[in-house]
Amino acid sequence: MKSSCGTRFAFLVLFLFAVQSVCVNAGTGSFHKDVKIHWGDGRGKIHDNEGKLLSLSLDKSSGSGFQSNDEFLYGKAEVQMKLVPGNSAGTVTTFYLKSPGTTWDEIDFEFLGNISGHPYTLHTNVYTKGSGDKEQQFHLWFDPTREFHTYCITWNPERIIFTVDNVPIREFKNSESIGIPFPKIQPMRLYASLWEAEHWATRGGLEKTDWSKAPFTAFYRNYNVEGCVWANGKSSCAANSPWYTQKLDQRGMNRVKWAQRNYMVYNYCTDKKRFPKGVPAKMKLSCGTRFTFLVLFLFAAQSVAVYAGSFHKDVQIHWGDGRGKVRDRDGKLLSLSLDKSSGSGFQSHQEFLYGKAEVQMKLVPGNSAGTVTTFYLKSPGTTWDEIDFEFLGNISGHPYTLHTNVYTRGSGDKEQQFHLWFDPTKNFHTYCITWNPQRIIFTVDGIPIREFKNSESMGVPFPKKQPMRLYASLWEAEHWATRGGLEKTDWSKAPFTAFYRNYNVEGCVWANGKSSCPANAQWFTQKVDLEGEKKMKWAQSKYMIYNYCTDKRSSLLSSFFLTFLTKLNNTHTDVHTTMSPFKIFFFAALLAAVFSFSAADFNSDVNVAWGNGRGKILNNGQLLTLSLDRSSGSGFQSKTEYLFGKIDMQIKLVPGNSAGTVTTFYLKSEGSTWDEIDFEFLGNMSGDPYTLHTNVYTQGKGDKEQQFYLWFDPTANFHTYSILWNPQRIILTVDGTPIREFKNSESIGVLFPKSKPMRMYASLWNADDWATRGGLVKTDWSKAPFMASYRNIKIEGCVHINGRSSCSPSSSWYTQQMDATSQARLRWVQKNYMIYNYCTDRKRFPQGIPRECAPSA
């Protein structure tokens with residue numbers, strides 16, 4: 001069965017963090033010197049001495065805005081923005097380039113607000129000589145109000161590229177050769193603003209601005225422009241700048257396709273109502289990659305989703321007594337609802353023997369505990385085959401569980417479960433099942449999360465004989481769906497509704513006992529390529545929460561190894577003496593691969609050291625929670641001491657108003673001249689970010705603080721924090737991304753922890769005298785008890801017992817260092833998210849920075 005489990009190794013993937021040839025935030029600009037707040041009567045404010053952070057606000061009297069001091073003829077302009085949270089309907093937040101005059105040129109990012117719980121619309125446009133009408137609109141794959149995200153416009157003589165967090169979403173090429181104007185003569189200034197446009201911005205003006213929520217505020221930081229400065233009628237331009245000749249490489253074009261396929265909500269190039277006779281010939285090239293993509297894929301019917309299906313003609317709502325509804329004339333949108341009397345569901349008219357089925361879904365929002373939303377393939381009968389996507393609801397603020405399974409001949413027990421890297425209730429996301437004779441691939445938004453291979457050669461059944469129908473449903477399963485049935489359905493929130501759209505199946509239609517199947521269809525031989533394997537490893541290492549392949553309580557692996565050994569013994573009497581070296585090596589590697597998956601167990605590895613019952617080990621040692629109330633906090637420690645090691649821990653921090661609390665994960669030795677390596681998470685008020693505080697102590701002396709904000713919400717999901725400590729360096733990582741390296745610099749007189757064994761500790765405690773804004777913000781005990789959760793502890797280390805260390809120097813971590821990729825990612829983190837560094841604190845060290853901070857150290 002092992003081959004059916006796929007792979008799940010820790011893998012550092014740079015999917016959205018990768019340094020592309022598109023915008024990488026330099027962050028070298030200053031709002032003080034580079035821009036002026038030119039309107040708003042005090043509503044625009046620069047918040048720091050260095051000019052890195054600026055806010056714009058809007059109330060019923062006025063909005064606000066700023067403009068660059070310089071004009072540019074071509075350039076690359078980027079900024080990080082955090083948009084107006086909550087009910088932002090009727091507001092527009094902008095970042096754009098524009099020339100003066102009545103025949104102006106303009107390149108736009110405009111963020112159209114929405115009512116609470118509904119996504120912003122990112123509106124892009126290009127004007128030349130006063131003429132625009134080239135709108136493309138998007139929803140985003142994240143919540144742009146919770147964290148800062150980077151938006152970039154690259155404008156050179158050949159093209160304009162719009163990027164979001166380094167992902168290109170649109171390319172507008174210079175097509176003057178076919179008569180399409182392109183902005184290349186008029187210098188433009190950079191502008192940003194927050195203003196009211198309730199007459200059109202949200203649902204065409206149907207949703208008005210709720211002024212009781214004013215003032216509305218948006219934040220800008222790390223503004224930077226590299227461009228050809230225009231002064232006195234001339235352009236000072238470094239033509240050898242990379243952005244000046246920048247274009248999209250193949251990977252960039254693929255990412256544009258991904259963004260446009262999954263998140264584009266309007267494209268002027270495909271607006272048949274606007275262009276009933278088709279897009280004018282002269283405009284086609286200006287439609288860029290998206291138009292090419294639609295032509296090649298929509299009309300050529302390739303393996304990428306073509307969304308040619310219709311709920312009217314392809315499915316029937318087969319139960320629910322009116323609770324399932326097709327919402328539009330074209331049959332593109334369908335809803336299923338659930339109340340206390342009944343749920344609802346639909347099924348495909350046709351059966352398929354192999355196929356590729358996909359749909360976009362938006363799940364039940366809010367408190368969905370006890371509900372299950374599904375999309376799956378299933379054959380009839382008591383020995384059925386089945387391939388499942390099931391979304392298990394949860395209480396408000398807690399994530400859905402995506403449950404996958406494969407049944408063959410009525411037997412399943414092949415569950416893998418995931419949390420998702422987005423909120424599946426806020427927007428539509430694409431879920432796809434590819435089923436061919438060799439494998440089943442589950443994908444989410446184009447990212448493979450699971451591959452179930454045909455392993456019949458090893459005695460593992462695979463669904464390949466029974467035709468299956470496509471089903472979807474929304475139903476109640478409160479007896480098991482949420483926390484094993486502990487959380488019940490809150491029927492006061494009914495009816496619950498989930499939405500499906502863009503349904504499509506490409507498959508081998510089964511009729512009259514025969515399969516009509518184009519064997520040359522791309523999906524029929526599809527497998528996961530190298531890039532797909534990297535993405536799958538990323539998804540499984542970050543978001544998988546259960547894998548039947550690593551469940552020690554299951555006897556499945558034992559059965560597999562028994563079968564394996566039996567087969568070997570059929571040809572070799574003595575496995576140990578007569579097996580070939582290759583088979584011995586293969587079997588040993590297989591055993592090592594399987595058991596390397598097994599996470600450590602809190603029951604066997606730690607003691608809850610204090611808290612009088614506030615620390616609890618749950619789920620057979622797989623989960624540990626710490627809580628804090630006014631009387632006490634809590635903590636745990638490892639049973640073993642280590643002299644060097646690598647320790648990983650997944651942590652989900654205290655949500656909401658956590659001001660005054662400190663959640664920790666650290667190594668520490670005993671005594672008054674202790675060594676220590678710290679992760680400390682300093683809580684904050686609701687809506688403000690945690691501060692991640694790191695430090696290194698040697699012989700009782702620390703003062704080596706570096707502090708960070710995180711690029712995600714550490715309270716929404718579990719994230720992995722790692723300490724690697726070997727004789728040469730300490731590396732602190734977050735979700736596989738290094739954030740700090742502290743090297744052994746004893747050669748220049750800097751102390752390094754290398755002689756004292758340390759225990760691993762974790763705790764949740766009150767420090768409202770200093771933790772949040774230096775103690776100005778106190779703990780709100782009305783919110784107690786506060787709770788943090790820990791899971792998937794993994795310790796590889798040199799165990800220290802009776803004064804001796806048992807350590808294998810051949811372990812990879814023992815000599816690990818930072819390669820070029822890791823160093824690039826470290827620089828990215830420290831440039832964008834570091835908020836304090838002792839190495840640059842001149843007030844603290846007026847006589848000069850510490851020796852280890854010198855570039856040569």
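The OG1 atom of Thr430 sits 11.0 Å away from atom CE of Met361, with the distance rounded to the nearest 0.5 Å. Taking CG from Asn502 and OG from Ser310, the interatomic distance works out to 11.0 Å, rounded to the nearest 0.5 Å. The distance from the CD atom of Gln250 to the CG atom of Leu248 is 10.0 Å, given to the nearest 0.5 Å. Put simply, CG on Asp165 and CG on Leu140 are 8.5 Å apart, with the number rounded to the nearest 0.5 Å. With rounding to the nearest 0.5 angstrom, the CH2 atom of Trp491 is 4.5 Å from the CG atom of Leu338. The line from CD1 of Ile395 to OG1 of Thr482 is 8.5 Å long, rounded to the nearest 0.5 Å.
The closest donor-acceptor contact from the side chain of Lys378 to the backbone of Trp384 lies at 3.5 Å or more, if one exists at all. A distance-only check finds a donor-acceptor pair linking the side chain of Asn114 to the backbone of Pro119 [under 3.5 Å]. Of the possible donor and acceptor atoms, none in the side chain of Glu506 sits under 3.5 Å from a partner among the backbone N and O of Ala357. Between the side chain of Ser473 and the backbone N or O of Thr374 there is no donor-acceptor pair closer than 3.5 Å. A donor-acceptor contact shorter than 3.5 Å is absent between the side chain of Trp510 and the backbone of Arg469. In this structure a side-chain-to-backbone donor-acceptor pair under 3.5 Å is present from Ser348 to Leu470. In terms of modelled atom types and a separation under 3.5 Å, the side chain of Gln136 and the main chain of Ile169 share no donor-acceptor contact. With hydrogens and angles ignored, the 3.5 Å screen pairs a side-chain donor or acceptor of Glu476 with a backbone N or O of Glu478. Between the Asn512 side chain and the Lys514 main chain, no donor and acceptor come within less than 3.5 Å of each other. Trp258 places no side-chain N or O within 3.5 Å of a backbone atom of Val167 that could act as its donor or acceptor partner.
Tyr376 is not listed as a side-chain neighbour of Ile387, based on a closest heavy-atom distance of 4.5 Å or more. Pro437 has its side chain out of reach of Lys464: every pair of non-hydrogen atoms, C-beta onward, lies at least 4.5 Å apart. The shortest distance between side-chain heavy atoms of Val315 and Tyr503 falls below 4.5 Å. With contacts defined as side-chain heavy-atom distances shorter than 4.5 Å, the pair Ile317/Val326 qualifies. Gln316 has its side chain within reach of Gln347: a pair of non-hydrogen atoms, C-beta onward, lies under 4.5 Å apart. With a 4.5 Å cut-off on side-chain heavy atoms, Val444 and Trp421 count as touching. Within the 4.5 Å cutoff, the side chain of Arg255 has heavy atoms near those of the Pro168 side chain. Two residues are said to be in side-chain contact when any heavy atoms from C-beta on lie closer than 4.5 Å; Val364 and Leu474 meet this criterion.
When the options Phe718, Trp538, Phe418 are evaluated for a ring-ring contact (aromatic ring centres under 6.0 Å, His included) with Tyr543, the one that passes is Trp538.
Between Trp480 and Trp475, the ring planes lie tilted relative to each other; the angle falls in the 30° to 60° range. Relative ring orientation between Phe311 and Phe346 is described as perpendicular, the plane-to-plane angle rising above 60° on a 0-90° scale split at 30° and 60°. Taking the six-membered ring where the residue is Trp, Phe422 and His429 present parallel rings, their angle staying beneath 30° rather than reaching 60°.
Using modelled atom types and a 3.5 Å distance limit, the side chains of Glu358 and Asn504 yield no donor-acceptor pair. Residues Asn454 and Gln438 have side chains that never bring a donor and an acceptor to within less than 3.5 angstrom of each other.
What you find for Pro448 and Ala539 is that their closest heavy atoms are O-CB, 4.3 Å. For the pair Gln360 and Asn262, the tightest heavy-atom approach, listed with the atom from each and the gap, is NE2-O, 4.2 Å. Residues Glu487 and Ala369 come closest through the heavy atom pair CB-CB, 4.2 Å. The two residues Asp490 and Phe496 make their nearest non-hydrogen contact at O-CZ, 3.4 Å. Pairing each heavy atom of Cys508 with each of Ser515, the nearest pair is CB-OG, 3.3 Å. Across Pro380 and Glu351, no two heavy atoms sit closer than the pair CD-OE2, 4.1 Å.
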(request) Would you check, one step at a time, whether the test side-chain contact (heavy atoms from CB on, under 4.5 Å) holds for His139 with Phe428? (result) CA-CA 9 Å; His139 288 162; Phe428 283 92; over 6 Å; no
(request) Determine, stepwise, if the pair Leu353 / Trp435 fulfils side-chain contact (heavy atoms from CB on, under 4.5 Å). (result) CA-CA 9 Å; Leu353 187 62; Trp435 168 41; 4.0 Å; yes
(request) Might you work through the side-chain contact (heavy atoms from CB on, under 4.5 Å) test for Phe389 and Ile433, ending with a clear yes or no? (result) CA-CA 9 Å; Phe389 270 124; Ile433 297 169; 3.7 Å; yes
(message) Is there a ring pair (Phe, Tyr, Trp, His ring centres under 6.0 Å) between Phe375 and Tyr500? Walk through the geometry before answering.
(response) CA-CA 10 Å; Phe375 174 63; Tyr500 297 74; 7.3 Å; no
(request) Could you give me the CA-CA distance, side-chain angles and deciding distance for Gln526 and Ile441, then say whether side-chain contact (heavy atoms from CB on, under 4.5 Å) is met? (result) CA-CA 9 Å; Gln526 185 176 331; Ile441 304 169; 4.2 Å; yes
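Within 6.0 Å of the CG atom in Asp321, the count of heavy atoms belonging to other residues, nucleotides or ligands does not exceed 12. Dense packing is recorded around NZ of Lys426, with more than 12 heavy atoms of other residues, nucleotides or ligands lying under 6.0 Å away. Residue Lys488 places its NZ atom among more than 12 non-hydrogen atoms of other residues, nucleotides or ligands, all under 6.0 Å distant.
For residues 397-411, every residue pair satisfying the side-chain hydrogen bond (donor to acceptor under 3.5 Å, both in side chains) rule, not counting sequence neighbours, is listed here: Ser368-Tyr400, His403-Gln417, Thr404-Arg450.
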